[in-house]
Amino acid sequence: VWDGNETWLVLGGAGLFGAFPLAYAVIVDALTIPLTLMLIGLIFRGVAFEFRFKATPAHRPFWDKAFIGGSILATFTQGVVVGAVLNGFSVTGRSYSGGPFDWLTPFTLFCGIGLVVAYALLGATWLVMKSENPLQEKMRSVAKKLLLAMLVVIAIISLWTPLAH
């Protein structure tokens with residue numbers, strides 16, 4: 001499953017390049033920094049996932065934290081990218097004409113936080129489905145709070161998007 005997910009990310013980027021090379025050029029130019037940060041987060045996830053099982057018990061907490069950090073970084077930057085795409089890009093002629101930090105706005109940062117909440121909700125509900133007893137009950141409680149947070153995030157983004165444009 002893990003390698004399959006990585007493959008779909010690569011195929012998505014290659015498919016965008018093959019089908020829409022001009023859009024690909026603009027998006028990659030506009031989002032170089034967040035896309036690079038996302039790849040760094042995905043690398044941390046993959047490395048931590050593999051090394052945790054080979055590490056001594058004393059080093060496992062480090063790899064756990066690397067996995068958590070990589071997961072949050074990858075998720076947050078995916079949300080930032082979605083927010084930046086919703087905001088649009090400065091294009092002159094056939095090339096990106098904005099600056100390297102045009103993607104860094106309050107809206108895109110909120111979208112990043114929103115996606116972290118959404119993925120946390122997904123993880124909590126998956127644990128409800130796959131676990132039993134105390135862990136299941138704890139995740140049920142967490143999922144209810146995350147669902148409320150997700151509804152608030154959806155409402156804010158749904159209002160913010162048309163008001164900003």
Side-chain angles (χ1 to χ4, degrees), residues 2 5-17 19-49 61-128 138-139 141-165:
W2 173 255
N5 287 338
E6 291 174 346
T7 302
W8 283 114
L9 283 172
V10 171
L11 285 175
L16 179 64
F17 175 69
F20 308 102
L22 183 57
Y24 180 84
V26 170
I27 291 170
V28 169
D29 280 352
L31 301 174
T32 299
I33 295 171
L35 289 173
T36 302
L37 290 173
M38 181 181 72
L39 289 174
I40 290 169
L42 291 170
I43 289 167
F44 263 91
R45 277 179 52 100
V47 169
F49 191 76
F62 170 79
W63 293 114
D64 289 342
K65 288 178 180 69
F67 185 80
I68 292 167
S71 298
I72 291 172
L73 179 62
T75 301
F76 179 76
T77 53
Q78 286 173 14
V80 166
V81 166
V82 169
V85 169
L86 288 174
N87 270 344
F89 306 108
S90 300
V91 177
T92 303
R94 297 173 61 104
S95 61
Y96 175 67
S97 59
F101 294 101
D102 283 1
W103 57 270
L104 191 59
T105 67
F107 179 75
T108 60
L109 296 176
F110 187 76
C111 287
I113 292 167
L115 195 60
V116 170
V117 171
Y119 282 8
L121 176 60
L122 179 66
T125 54
W126 187 84
L127 283 171
V128 167
K138 181 177 181 179
M139 288 302 107
S141 172
V142 168
K144 288 176 184 176
K145 293 172 186 160
L146 287 169
L147 177 60
L148 183 62
M150 188 70 236
L151 292 173
V152 169
V153 166
I154 289 171
I156 291 171
I157 290 176
S158 295
L159 293 171
W160 197 339
T161 302
L163 292 175
H165 301 284

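Side-chain atoms are counted along with the backbone in the values below, which use heavy atoms only and exclude waters and symmetry mates.
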Task: Check: Val26 main-chain N/O paired with Asp29 side-chain donor or acceptor under 3.5 Å - done: no

Task: Worked verdict on Val81 versus Gln78 for side chain to side chain contact (heavy atoms under 4.5 Å, CB included) - done: CA-CA 5 Å; Val81 166; Gln78 286 173 14; 5.7 Å; no

- [ ] Hey, could you give me the OH/CG distance between Tyr96 and Leu31, rounded to the nearest 0.5 Å?
- [x] 7.5 Å

- [ ] Would you give the length of the straight line joining atom OG1 of Thr32 to atom CG of Leu37, rounded to the nearest 0.5 angstrom?
- [x] 11.0 Å

Task: Backbone of Gly83 reached by a side-chain donor or acceptor of Thr108 within 3.5 Å - done: no

Task: Smallest separation among heavy atoms of Pro100 and Ile33, with atom names - done: O-CD1, 3.7 Å

Task: Spatial distance of atom CZ (Arg45) from atom CD1 (Ile68) [nearest 0.5 Å] - done: 11.0 Å

Open item on the list: side chain to side chain contact (heavy atoms under 4.5 Å, CB included) for Phe110 and Thr105? Distances and angles first, verdict last.
Closed with: CA-CA 9 Å; Phe110 187 76; Thr105 67; over 6 Å; no

- [ ] Drop me the distance from Ile154's CD1 to Leu147's CG, to the nearest 0.5 angstrom.
- [x] 8.5 Å

Task: Within 6.0 Å of CZ in Phe76, more than 12 heavy atoms from elsewhere - done: yes

- [ ] Over all heavy atoms of both residues, which pair between Leu86 and His165 is shortest? Give the atoms and the distance, please.
- [x] O-NE2, 3.6 Å

TODO: Kindly give the heavy-atom pair with the smallest separation between Gly79 and Cys111, and that separation in Å.
DONE: O-CB, 3.3 Å

Open item on the list: Can you give me the closest heavy-atom contact between Pro34 and Thr77, atom names plus distance?
Closed with: O-CB, 3.6 Å

Open item on the list: Please report the interatomic distance CZ(Phe49) to OG(Ser71), rounded to the nearest 0.5 Å.
Closed with: 10.0 Å

TODO: Output, in order, the C-alpha distance, side-chain angles, deciding distance and verdict of side chain to side chain contact (heavy atoms under 4.5 Å, CB included) for Thr161 and Phe107.
DONE: CA-CA 8 Å; Thr161 302; Phe107 179 75; 3.4 Å; yes

Task: Interatomic spacing from NZ in Lys138 to CG in Leu127 - rounded to 0.5 Å - done: 10.5 Å

Task: Phe44 and Ile40, any side-chain heavy atoms less than 4.5 Å apart - done: yes

Task: Residue pair Met150 / Val117: nearest heavy atoms and the distance that separates them - done: N-CG1, 3.9 Å

TODO: Quickly, which of Val116, Leu148, Leu146 forms a side-chain contact (heavy atoms from CB on, under 4.5 Å) with Leu121? Name it, please.
DONE: Leu146

Task: side chain to side chain contact (heavy atoms under 4.5 Å, CB included) evaluation trace for Phe20 with Ile27 - done: CA-CA 11 Å; Phe20 308 102; Ile27 291 170; over 6 Å; no

- [ ] Taking all heavy atoms of Ala30 and all of Phe89, pick out the closest pair and write down the distance.
- [x] CB-CD2, 3.3 Å

